[in-house]
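This report concerns only the one structure given below.
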Amino acid sequence: MFYPFKKIEKKWQKIWQKNNYSIWHSKYLLGKKIYILDMFPYPSGEGLHVGHVENFVASDILARYYRMKGFNILHPMGWDAFGLPAENYAIKKNKNPKDFVPQNIERYKKQIESLGLSYDWQREINTTEPYYYYWTQWMFLKMFERGLVYEKEAPINFCPSCKTGLANEEVVEGKCERCGNYTEIKFLKQWHIKITAYAERLLEDLNNLDWPENIKEMQRNWIGKSEGYEIDFKIKNSDQSIKVFTTRLETIFGITFIALSPLHPLILKIAKGDYYLNVEEYINHYIKKLSKHQFEIDFNGIFTGAYASHPITGESIPIWISDYVLSDYATGAIMGVPAHNKFDYKFAKKFMIKIIQVITPQKNKIIEKLPYEGDGFLINSFDYDDLKTEVAKEKIFQYLESKNLIKKAVYYRLKDWVFSRQRYWGEPIPLIRCQKCGVVPVPEKDLPVTLPNVKNYKPTLTGESPLKNINWWVKVKCPKCSDWAERETQTMPQWAGSCWYYLAYILKTFSKQKNKIYPKIIWDKNKLNYWLPVDIYIGGAEHAVLHLLYARFWHKFLFDLNLVSIPEPFKKLVNQGIILGTDGEKMSKSRGNVINPDDLINKYGADSLRIYEMFMGPLIETKKWDSSAIMGPFRFLNKIWLYSKKNKKNKKLKDSIEVLKSFNKLIKKVSQDIENLKFNTAISSMMEFVNFLSDKSISKKNWLNFIKLLYPFAPHLAQEIWQSFGKKSLLEKEIWPDYDNRYIDEDNIILIIQVNGKKRDELVIKKNLNFEDVKKMILAREKVKKFIKDKKIKKFIFIQDKLINIVI
RNA sequence: GGGCAGGUGGCGGAAUUGGUAGACGCGCUGGGUUUAGAACCCAGUGCUGACAAGGCGUGAGGGUUCGAAUCCCUCCCUGCCCACCA
């Protein structure tokens with residue numbers, strides 16, 4: 001028979017619900033803290049999946065382990081509930097997200113409860129509730145105050161057939177996800193946040209974080225710092241000049257053309273005579289293509305008819321326009337050096353522009369295959385010939401600087417954050433547009449600007465927010481002049497609420513009004529100082545750049561306001577690996593390979609599911625699901641249950657040395673493995689221990705100590721066994737067992753005997769024997785003699801207490 | 001094209017200051033138990049020999065070493081991320 005997991009799990013989940021972890025915190029407030037954070041889920045209609053389970057169980061093991069180790073643990077959960085899926089679902093079902101988001105949350109909570117996770121529900125937060133987004137809006141206004149918010153035209157995706165604005169997620173390969181037509185780009189005035197002002201700090205502070213190297217690298221690439229030079233090129237027969245950005249100043253004598261982005265503001269001013277009309281046509285064509293989402297860079301371009309003069313030689317350089325030059329990076333203009341840049345090369349070949357090689361990898365060696373993008377020595381560069389690229393760069397810089405034609409410049413790939421969405425289900429942007437006063441922030445006393453209830457959430461025909469149609473909400477008195485004005489109707493992006501939720505958990509409290517209790521967030525720097533930083537943050541790698549970069553930026557802004565005391569929020573980051581379906585493909589509805597955790601809990605119990613997911617492999621690795629493999633953990637727990645029954649009759653008080661040795665080693669191993677997040681090997685060593693015990697007996701005391709080790713992994717079963725031995729306490733409040741080194745240091749060791757590096761024999765010997773004694777012992781052995789026979793022994797390799805190798 | 005991670009039995013995976021390769025689990029094979037099945041228990045299970053002794057084995061090839069899954073070189077493959085960034 002199976003152990004009655006259903007009964008046991010229900011029973012303890014009920015009891016744990018009453019566990020108040022907030023009281024727990026205050027009791028220990030002087031002790032050492034650990035803040036264990038999960039990336040909070042988006043409560044979609046689909047419920048938890050096995051990936052969530054992996055994430056949450058891992059952090060739950062840590063939380064339970066460290067609580068037993070005496071740490072004060074903050075381990076909260078909440079809901080990132082604004083955003084597109086809820087809204088799309090609402091549109092489909094004609095239901096208000098305000099109604100069904102709470103339903104989804106209830107469902108998630110039930111599932112989380114059924115897994116036996118030890119969250120502190122007093123600290124639960126929900127980004128869509130006014131007490132929460134009060135602060136999201138407040139922080140936005142602080143940014144506004146500090147000049148970090150500005151309005152600028154920016155593109156949105158628009159489907160001309162559905163006549164609606166689309167989020168990036170809804171555009172798949174340039175086509176509308178719903179109707180399959182090509183989407184267009186529409187330009188709308190949108191709010192931006194100057195995250196670029198923090199680029200250098202975001203880059204610099206990565207170095208001090210205990211994060212996976214690949215995630216840090218992704219952020220570095222995303223920020224994309226590039227140090228180089230801005231050079232002025234005078235345009236011939238004109239008083240204009242073009243600024244060009246380059247990181248390869250030493251190739252300056254290889255310039256054979258200059259290329260501008262089709263959106264460069266100077267183009268129409270410099271285009272000459274007959275060329276003018278062609279240029280104009282080219283630009284119009286480009287813009288059209290751009291707006292149709294169909295652009296692919298094909299290195300087309302057109303000559304403007306104008307020439308620039310080379311800043312050193314004064315030679316004439318033709319000025320071109322090309323689609324491969326980006327308008328929104330650096331100066332929007334490049335110096336074309338086809339011999340040493342693959343894109344310039346491609347362009348020059350296409351339009352038969354001259355190619356001059358000016359760098360050679362070794363002196364006197366001409367490369368046949370251009371472009372050559374490496375370093376080396378200069379050629380064809382007049383006074384600078386034969387100089388190393390590094391040296392030439394500096395000399396050329398000094399020369400041009402003396403002529404005032406150059407300056408050092410740094411550019412980042414990072415773009416400012418487009419912060420407005422033309423959508424209903426988000427935090428309203430707390431700004432008011434007044435005819436007289438312009439854009440006026442909503443006064444702090446009027447926060448939060450609550451999201452109104454509306455019947456129609458559909459995106460509008462114009463690409464504007466659906467809130468625009470709600471007259472009573474839009475019309476508002478200007479806080480400055482008291483004339484009628486209008487609210488900003490765009491809402492914040494999904495990322496906004498998740499930028500500071502880890503602070504909200506710390507700050508959440510309750511207030512009482514008319515005998516009712518309301519959640520509230522009160523800024524308390526002492527609390528923040530105590531709990532920050534997040535010590536370990538676990539979640540999926542899909543948030544490597546966006547969420548994790550936005551949140552870091554947001555935190556740094558709060559740091560600048562002196563609202564938090566440390567510059568980085570997340571000390572250690574761990575990405576759990578993706579769990580693939582049994583077919584080795586990513587789990588998805590359309591593939592039909594999704595595994596539902598509820599079914600498994602029903603069949604095998606939450607404890608088995610917990611252990612199985614942790615036992616599958618290392619937390620961070622991608623793993624394939626194997627439904628039959630859950631039987632292993634299930635059998636393991638059944639064995640423990642049966643062994644416990646048997647053990648209750650055991651009257652033994654003292655354990656054999658053999659058992660003590662084995663058990664003390666286990667304590668050490670499980671503790672270390674948990675701390676290193678190696679849950680799979682912690683579990684396998686517990687399995688080994690239970691197998692080892694099967695024909696032995698162990699004292700009740702140490703069996704219960706073993707149950708403590710099991711507790712973080714299988715809390716329900718462990719707690720039930722604990723109680724069945726007459727213990728009344730919650731294991732949560734028990735102390736993690738310590739190991740005794742006396743039982744870990746062995747007197748005897750197994751010596752490996754190798755012949756020519758191959759294991760041929762082994763021998764149990766006392767520790768610390770010297771080489772001569774060991775040599776005698778092993779040479780006397782039959783097996784060893786057999787392998788040596790009459791061959792001559794060249795030498796011995798002896799490693800104390802480990803191995804001896806006979807070289808023959 | 002660039003960056004990062006990785007490649008170990010039929011499968012998931014263990015083992016790294018270079019020192020017993022394949023722990024633990026799944027699956028499979030044989031046996032027990034059972035009316036039968038499920039569940040459970042016992043034995044076996046990298047490949048190749050014959051049940052032995054032995055030989056071969058960590059993507060491929062080479063190197064360093066008494067000794068390499070682990071270090072170095074060349075190559076192949078897989079996954080993830082980025083990709084006109086001047």
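In what follows, chains are A, B, ... by sequence order, proteins preceding strands, each numbered from 1.
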A:Glu688 has an atom CD; how far is it from atom P of B:G22, in whole Å?
-> 13 Å
Quick one: are the ring centres of A:Phe2 and A:Phe634 less than 6.0 Å apart?
-> yes
Parallel under 30°, tilted from 30 to 60°, perpendicular over 60°: which one fits the rings of A:Tyr550 and A:Trp495?
-> tilted
Can you find an N or O donor on one side and an acceptor on the other, under 3.5 Å apart, linking the side chain of A:Gln754 with the base of B:G19?
-> yes
Polar atom pairs (N or O), protein with nucleotides 53-55 of chain B, under 3.5 Å:
unit_1	atom_1	unit_2	atom_2	d
B:A53	O3'	A:Lys786	NZ	3.4
B:G55	OP1	A:Arg760	NH2	3.3
B:G55	OP2	A:Arg760	NH1	3.2

Side-chain ion pair, A:Lys623 and A:Glu54, N-O less than 4.0 Å = yes
Nearest-angstrom distance, C1' atom, B:G30 to B:C80 | 44 Å
Considering all heavy atoms, the nearest A:Asn300-A:Ser322 contact = O-OG, 2.8 Å
Show the distances under 3.5 angstrom between N or O atoms of the protein and N or O atoms of nucleotides 40-46 of chain B.
unit_1	atom_1	unit_2	atom_2	d
B:C40	OP1	A:Arg635	NE	3.1

Any side-chain heavy atom of A:Leu249 sitting closer than 4.5 Å to one from A:Ile252?
-> yes
Quick one: do A:Glu200 and A:Lys225 make a salt bridge, cutoff under 4.0 Å?
-> yes
Between A:Phe689 and A:Phe706, does the ring centre distance come in under 6.0 Å?
-> yes
Give the nucleotide from the list B:A83, B:G19, B:G25 with an atom nearest to the side chain of A:Arg413.
-> B:A83
May I ask you to verify if any side-chain N or O of A:Tyr412 is less than 4.0 angstrom from the OP1 or OP2 atom of B:C85?
-> no
Minimal heavy-atom distance between A:Ile231 and A:Pro311, with the atoms involved, is CG2-CG, 4.2 Å
Take atom P in B:A5 and the same atom in B:C71, then report the distance between them in whole Å.
-> 12 Å
Pairwise P distance, B:C26 and B:C41 [rounded to whole Å] = 10 Å
Between B:G54 and B:A68, how far is it from one C1' atom to the other, in whole Å?
-> 23 Å
Expressed as a whole number of Å, how far does the C1' atom of B:A60 sit from that of B:U8?
-> 15 Å
Calculate the interatomic distance between A:Trp625 atom CH2 and B:G25 atom C1'; express it in whole Å.
-> 14 Å
Give RNA chain B the dot-bracket treatment, 5' to 3': Watson-Crick (N1-N3 with N6-O4 or O6-N4) or G-U (N1-O2, O6-N3) under 3.5 Å, [ ] crossing, | other strand.
-> (((((((..(((......[....)))((((((.......))))))(((.....)))..(((((..]....))))))))))))....
In whole angstroms, how far is the C1' atom of B:C82 from the CG atom of A:Leu546?
-> 13 Å
Which word best sums up how the rings of A:Phe245 and A:Tyr329 line up, parallel for under 30°, tilted for 30 to 60°, or perpendicular for over 60°?
-> perpendicular
Between P of B:A14 and CG of A:Leu619, the distance in whole Å | 12 Å
Proximity of A:Trp625 and A:Tyr612 rings by center, below 6.0 Å | yes
Starting from P on B:G13, measure out to CE on A:Met614 and report it in whole angstrom.
-> 14 Å
Mapping A:Asp344 and A:Ala629 onto RNA chain B by nearest heavy atom, which one lands closer to the 5' end?
-> A:Ala629
Using the P atom on both, measure B:U16 against B:G6 and round to a whole Å.
-> 15 Å
Base, sugar-phosphate alone, or nothing: which one does A:Pro212 contact when heavy atoms must sit under 4.0 Å apart?
-> nothing
Will you find, in the side chains of A:Tyr345 and A:Glu373, an N or O donor that is under 3.5 Å from an N or O acceptor?
-> no
A:Glu542 CD - B:C82 P separation (whole Å) | 12 Å
Between A:Val325 and A:Ser628, who's closer to the 5' end of RNA chain B by nearest nucleotide?
-> A:Ser628
Can you sort out which residues in residues 673-686 of chain A have a heavy atom within less than 4.0 Å of RNA chain B? Ascending by number, please.
-> A:Lys678, A:Asn680, A:Thr681, A:Ser684
Ring pair (Phe, Tyr, Trp, His ring centres under 6.0 Å) partner of A:Trp320, chosen from A:Phe351, A:Phe299, A:Tyr282 = A:Phe351
Identify which nucleotide among B:A86, B:G1, B:C81 has an atom closest to any side-chain atom of A:Ile334, counting heavy atoms from C-beta outward.
-> B:A86
Flag the pair A:Lys669 and A:Asp673 as a salt bridge only when some basic side-chain nitrogen lies within less than 4.0 angstrom of an acidic carboxylate oxygen.
-> yes
When you check the glycosidic angle of B:G49, does it come out syn, meaning within 90° of 0, or anti?
-> syn
With ring centroids as reference points, do A:Phe5 and A:Tyr604 lie under 6.0 angstrom apart?
-> no
Give me the ring orientation class for A:Phe553 and A:Trp417: parallel if the planes are under 30° apart, tilted from 30 to 60°, perpendicular past 60°.
-> perpendicular
Go through the structure and list residues passing side chain to side chain contact (heavy atoms under 4.5 Å, CB included) with A:Lys234, not counting sequence neighbours.
-> A:Ser309, A:Leu405
Whole-Å C1' distance, B:U17 and B:G13 = 24 Å
Write down the distance between CD (A:Glu373) and C1' (B:C85), rounded to a whole number of angstrom.
-> 13 Å
Spacing of the P atoms in B:G59 and B:G7 (rounded, Å) | 7 Å
Should the pair A:Phe713 and A:Phe679 be assigned to parallel (<30°), tilted (30 to 60°) or perpendicular (>60°) ring geometry?
-> perpendicular
Going by a 90° cut-off around 0, is B:G63 syn or anti?
-> anti
Quick one: is B:A86 close enough that its OP1 or OP2 comes under 4.0 Å of any side-chain N or O from A:Ser226?
-> yes
Under 3.5 Å, side chain of A:Asp232 to main-chain N/O of A:Lys243, donor-acceptor pair present?
-> no
Is there any protein nitrogen or oxygen under 3.5 Å from a nitrogen or oxygen in nucleotides 5-12 of chain B, and what are the pairs?
unit_1	atom_1	unit_2	atom_2	d
B:G12	O2'	A:Met616	O	2.6

Rounded off to whole Å, could you give me the CG-to-P distance for the A:Asn805 and B:G18 pair?
-> 17 Å
Using a 4.0 Å heavy-atom cut-off across all strands, classify A:Asn221 as base, sugar-phosphate, or nothing.
-> nothing
Ring geometry between A:Phe397 and A:Tyr229 (parallel below 30°, tilted from 30 to 60°, perpendicular above 60°) | tilted
